[in-house]
Amino acid sequence: MDKNTVIGFLLIGVILFAFSWLNRPTPEQIEAQRRMQDSLQAVEILQQAKALKESDPTPAEEEHWVEAEDSLKNSRLVQRYGDFYKGAVGEEQFFVLENDLLEVTLSNKGGRVTSVRLKKYQTYDSLPLILFDGKESSFNFSLITQNNRIINTKNLYFEPVRTADNQMITFRLDAGEGRYLAYTYSLPSDSYMVGFDVKGNGLDEVLAPSTMGLDLEWNQVIRRQEKGRRFEERYSAIYYKFATDDVEQTSDSKDEDISLSNKVRWIGYKDQFFSSVLIANNEPLESVTLQQKISQQSGILKDCKTKAVLPFDIREGETASLQYYFGPNNYSLLKSYDEARADDNKLDLQRLVPLGGSVFRFVNTWLVIPVFNFFGKFISNYGIIILLLTLVVKLLLFPLTYKSYMSSAKMRVLRPQVEAINAKYPGQDKAMEKQKAIMELYSRAGASPMSGCLPMLLQMPVLIALFMFFPSSIELRQQSFLWAKDLSTYDAIVSWNTYIPLITPYFGNHISLFCLLMTITNIVYTKFNMDQTNTGQQQMPGMKLMMYLMPVMFLVFFNQYSAGLSYYYFVSTLITIIQTLIFRSVINEDKLLAKLEANKKKPVKKSGFMARLEEAQRRQMEAVKKQQQQQRKK
């Protein structure tokens, strides 16, 4: 055999191999062929049954036929589900675990939780508060058998084994000869935590030897539970905690599909005040993908889906410990679940309550929440609690408020002298000289325009922290005060159903009374404050209108927010006005002016900042003069 013949045979072999490879049937085609063969067998059996019926079979022939039919049916189930074929046939049954807080309904089909009701809560329209029900949720493990068949547990019927105290139930998926996959659910008394243990027995003989984990799918909708859908959507998202990192979340305003490279300790489907959380206790979840879609259904906010790998040893006796949390987003309650845990194994479920970034969250967790909870121990009316909380906050901020007022008072008593400087240096060409003279006046008198701004800036973390706290506080949910029936949502005094472009999407179809009162109070305070802080200097055109426009924007922005928040800002602004009136009646401005005049006679001790500021002004004036001289020469 010469060289060319060998090469020819090799090329023919490559072509045949390539042809076979390219024309091999896909798994879908193989499955379709199998279904066709099963259908042909079924047709043949039906034809035989028809022939037997027409020939008036004897009882022995009928019994033989039934046995043959059962044998064929079992054969098909074994072919499809392998050792788990017994679970392919059954009738769905429902079982309930409950305590004083929860009613959890489970199904033997898929061994999953099908419904959860929170007993101590209701929806905004006084219906039982159900987190999900029926087809609104699903849970599945994908099992790969030794012959590479994929079995989905959601399609199989488990055998229930219930304890006498009705606080625990086990679902077993039989694989024959004492082999099984078991789910054990347990519900302790007075707890929102549901235990969920996954255990295998003899699965190393059933599942693929390469099995190191179970592919998990957990889907659930987030139901609408509150009065204002648009506002509730802002607080609905998928939250998740990395095993060695902080808690993060998906966007609350758009669809998202993300893959996480790091291991995840828990995943939560959260609405404004309630959450469903799946927690991996011993080994965190791996290869997690999350999908969130905003729903267009009236009673559904979002559709949430999770795919992950649960590390699972298929050897006998190994258990994967999981937990569900079905309950309220109560900060103190969620934090209590970490009390018995080591520092490196904290769940940080309290992060489900959005309290702002690091600084604002610190203010909320160390000041606002402790004070709020303290008053809640003795007072049941949350309107009064908010009032007392406002007084405490105002008392703590009093030194800053007083310093801010004193700064504005100094500027006010120096206003005649500032107006005299304005008259001395008229025109834009003398603006630098005028500014320098005013700054020298303030420096010699011991006044500073910035000293009034700094105290206001220091108050901002508290104001923003409270802005985050009130809409997230479940304690205010369905708590009434005065005309507001629910402090956690808007208190509409006027409502309409007609859709109005630009108004309905941003303002809503209502007017909230506490928000309106807050706006009016802010307008009054703006007018009062502008009169108090008039220093005699020229303001930018339109600044006065802008100052009045801000409270009106607050009306648009806060109209759909919780009545508790608007009520707090209303009371806070009212107290600020009263404080200002008291300051003005107590502080003698003539004595204050005399003190400032006395300061002018003292040697001025300039700080490094003031010295640098004056040097910068001097250089700027010199630059302006040079520029003016050059323009004159031209």
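In this structure, Asn281 and Arg341 approach most closely via the heavy-atom pair OD1-NH2, 3.0 Å. Closest heavy-atom contact between Pro188 and Ser186: CD-O, 3.8 Å. Taking all atoms of both residues into account, the shortest heavy-atom contact from Ser142 to Glu217 is OG-OE2, 4.3 Å.
Taking the ring centroids of Phe481 and Tyr382, they lie at or beyond the 6.0 Å cut-off. Taking the six-membered ring for Trp, Phe372 and Phe469 have ring centres closer than 6.0 Å. A centroid separation of less than 6.0 Å is found between the aromatic rings of Phe171 and Phe95. Residues Phe274 and Tyr192 place their aromatic rings such that the two centres sit no closer than 6.0 Å. For an aromatic pair to be called close, the ring centres must be under 6.0 Å apart, and Tyr325 with Tyr337 satisfies this. Ring centers of Phe312 and Phe141: at least 6.0 Å apart, outside the cut-off. In this structure, Tyr567 has its ring center no closer than 6.0 Å to that of Phe470.
Counting non-hydrogen atoms of other residues, nucleotides and ligands closer than 6.0 Å to CG of Leu127 gives a total above 12. Atom CG of Asp246 has more than 12 neighbouring heavy atoms from other residues, nucleotides or ligands inside a 6.0 Å radius. Within 6.0 Å of atom NZ in Lys293, 12 or fewer heavy atoms from other residues, nucleotides or ligands are found, so the atom counts as exposed in its surroundings. Counted within 6.0 Å of NZ on Lys485, heavy atoms from surrounding residues, nucleotides or ligands total 12 or fewer; the atom is thus considered open. Other residues, nucleotides and ligands place more than 12 heavy atoms under 6.0 Å from the CG atom of Asp125. Within a 6.0 Å radius of CD1 in Ile130, other residues, nucleotides and ligands contribute more than 12 heavy atoms. Residue-environment remark: NZ (Lys346) exceeds the threshold of 12 foreign heavy atoms within 6.0 Å. The number of heavy-atom neighbours closer than 6.0 Å to CZ of Phe374, taken from other residues, nucleotides and ligands shown, is 12 or below.
Between the side chains of Ser295 and Asp303, no donor N or O sits under 3.5 Å from an acceptor N or O. Side chain to side chain, Tyr331 and Gln350 fail the donor-acceptor criterion of an N or O pair below 3.5 Å. Thr306 and Tyr269 are linked by a side-chain donor-acceptor pair at a separation below 3.5 angstrom, with hydrogens and angles left out of the test. In the model, Glu226 has no side-chain atom that pairs as donor or acceptor with a side-chain atom of Thr489 under 3.5 Å. Donor-acceptor pairing under 3.5 Å is lacking for the side chains of Ser488 and Ser562. Side-chain contact, Glu256 with Ser251: no donor N or O sits under 3.5 Å from an acceptor N or O. Using modelled atom types and a 3.5 Å distance limit, the side chains of Asn99 and Ser189 yield no donor-acceptor pair.
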Quiz item: salt bridge (charged side-chain N to carboxylate O under 4.0 Å, His left out) between Arg117 and Glu103: does it pass, once the steps are laid out?
Solution: CA-CA 5 Å; Arg117 178 172 71 91; Glu103 180 183 275; 3.4 Å; yes

Exercise. Check step by step if side-chain contact (heavy atoms from CB on, under 4.5 Å) holds for Met212 and Val309.
Key: CA-CA 9 Å; Met212 300 299 293; Val309 175; over 6 Å; no

Self-check item: Trace of the side-chain contact (heavy atoms from CB on, under 4.5 Å) decision for Thr114 with Lys109
Solution: CA-CA 10 Å; Thr114 61; Lys109 186 176 183 181; over 6 Å; no

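Using bins of under 30°, 30° to 60° and over 60° for the plane-to-plane angle, the ring pair Phe231/Tyr235 lands in the tilted bin. Between Phe362 and Trp366, the angle of the ring planes lies from 30° to 60°, which puts this pair in the tilted group. Ring-plane geometry between Phe467 and Phe558 is classed as perpendicular, the angle between the planes exceeding 60 degrees on a 0 to 90 degree scale with a lower cut at 30.
Taking the side chain as every heavy atom from C-beta outward, Ser276 and Gln220 approach each other to under 4.5 Å. Looking at heavy atoms from C-beta onward, Thr153 lies out of side-chain contact with Leu214 at the 4.5 angstrom threshold. Here the side chains of Leu278 and Leu216 are in contact, with some heavy-atom distance below 4.5 Å. Between Asp486 and Tyr124, the closest side-chain pair of non-hydrogen atoms is not below 4.5 Å. Residues Leu173 and Tyr180 are not in side-chain contact: their nearest non-hydrogen atoms beyond the backbone lie 4.5 Å or more apart.
In this structure, OG on Ser512 lies 4.0 Å from CG on Asn559, to the nearest 0.5 angstrom. The CD atom of Gln225 lies 12.5 Å from the OH atom of Tyr121; values are rounded to the nearest 0.5 Å.
Applying side-chain hydrogen bond (donor to acceptor under 3.5 Å, both in side chains) to Asn329 and the options Ser473, Ser472, Ser275 leaves one that passes, Ser275.
Proximity of a side-chain donor or acceptor of Ser126 to a complementary backbone N or O of Gln122 within less than 3.5 Å is not detected.
Classification of Lys86 and Glu159 as a salt-bridged pair fails, no side-chain N sitting under 4.0 Å from a carboxylate O.
The cationic group of Arg112 does not satisfy the cation-pi geometry with Phe139, failing either the under 6.0 Å distance to the six-membered ring centre or the 45° limit from the ring axis.
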